[in-house]
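None of the values given here were measured: they were computed from a predicted structure.
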Amino acid sequence: MYSDLKKRVLKANLFLQEHQLVKLTWGNVSEYDHNLGVIGIKPSGVSYEEMSVNDIVIVDLEGNVVEGELNPSSDLKTHLEIYRNYPEISGITHTHSTYATAWSQSGRSIPFYGTTHADHFHGPVPISRQLTNEEINGEYELNTGIAICDTLKSLDINPLHNPAILVPSHAPFTFGNNGYDSAKNSLVLEEVAKMAYLSEAINDNISEASKTIGDKHFYRKHGENSYYGQK
């Protein structure tokens, strides 16, 4: 019943390894199948080299295992909180890719410096609020999801128009229309994070690019009036 979902989730997770966005077991992809009402997610602590389609864990929106013998990712509660708050999101990816994680650890959002960024992210890539000590020592993964959703709501961000967020002292999460889409957004995020770092290294007086060029590049690829690519 869930074989197609498991195959899609496995493919998305292996995409991370293929593009060197994960090392060891650092990262996970999930996909929410709205028709089936379940989520497929990477199993906790299983290496990408050994993972098979049968290892993908199927859970419901409350986190109950519907199918699978392994434990789901330890980040499951973060994923679930985002899905519950943003039903338009159908895929979530979490990595510890080097440059995006460096921005996360620095406690900074990624500024909008150019058109590569604007082609995929409408505005700076935000960083979520800090967790309190009580939140860290309590339901840590759930509270990470709550902080992500709090930040997106406070900034009035459409998570499919700006499909990434950094978590301070931690690492990034990206969103998409499915698991594979969210994984691709992690690849783009890592490149944008690297470009922003290098741009500041070259010019420490750099200013953000204009909203005009940001809107132009974003909307030529997204929305009803987009004209990039083939119809």
Near-ring test H96/H94, centroid separation under 6.0 angstrom: yes
OH-CG distance between Y32 and N178, expressed to the nearest 0.5 angstrom: 15.0 Å
Test item: S90 and N177 side chains (from C-beta on) under 4.5 Å apart, heavy atoms: no
Donor-acceptor side-chain pairing of N143 and K77 below 3.5 angstrom: no
Donor-acceptor pair between H79 and N28 side chains, under 3.5 angstrom: yes
Centroid-centroid distance, H122 to F112, less than 6.0 Å: no
Side chain to side chain, M51 and P43, heavy atoms closer than 4.5 Å: yes
Polar contact flag, side-chain donor to acceptor under 3.5 angstrom, S128-T151: no
Whether N85 side chain and E81 backbone form a donor-acceptor pair below 3.5 Å: yes
Name every donor-acceptor pair, under 3.5 Å, that has one atom in a side chain of residues 188-201 and the other anywhere in the protein, sequence neighbours excluded.
{"residue": "E190", "atom": "OE1", "partner": "S97", "partner atom": "OG", "Å": "2.7"}
{"residue": "E190", "atom": "OE1", "partner": "Y99", "partner atom": "N", "Å": "3.3"}
{"residue": "E190", "atom": "OE1", "partner": "A100", "partner atom": "N", "Å": "3.0"}
{"residue": "E190", "atom": "OE2", "partner": "T98", "partner atom": "N", "Å": "3.3"}
{"residue": "E190", "atom": "OE2", "partner": "Y99", "partner atom": "N", "Å": "2.8"}
{"residue": "S199", "atom": "OG", "partner": "M195", "partner atom": "O", "Å": "2.7"}
{"residue": "E200", "atom": "OE1", "partner": "R108", "partner atom": "NH1", "Å": "3.0"}
{"residue": "E200", "atom": "OE2", "partner": "R108", "partner atom": "NH2", "Å": "2.8"}
{"residue": "E200", "atom": "OE2", "partner": "Y113", "partner atom": "OH", "Å": "2.6"}

Flag, side chain of S210 to backbone of I213, donor-acceptor distance under 3.5 Å: yes
Within residues 7-20 or reaching into it, pairs that qualify as side chain to side chain donor-acceptor pair (under 3.5 Å) - sequence neighbours excluded: R8-E31, R8-D33, Q17-E49
Side chain to side chain, T78 and L142, heavy atoms closer than 4.5 Å: no
Any Y219 side-chain heavy atom under 4.5 Å of S226 side chain: no
Whether over 12 other heavy atoms sit under 6.0 Å from K216 NZ: no
Pair T174, S186: side-chain N/O donor-acceptor within cut-off below 3.5 Å: yes
Residues forming a salt bridge (Lys or Arg N to Asp or Glu O under 4.0 Å) with D150, sequence neighbours excluded: R129
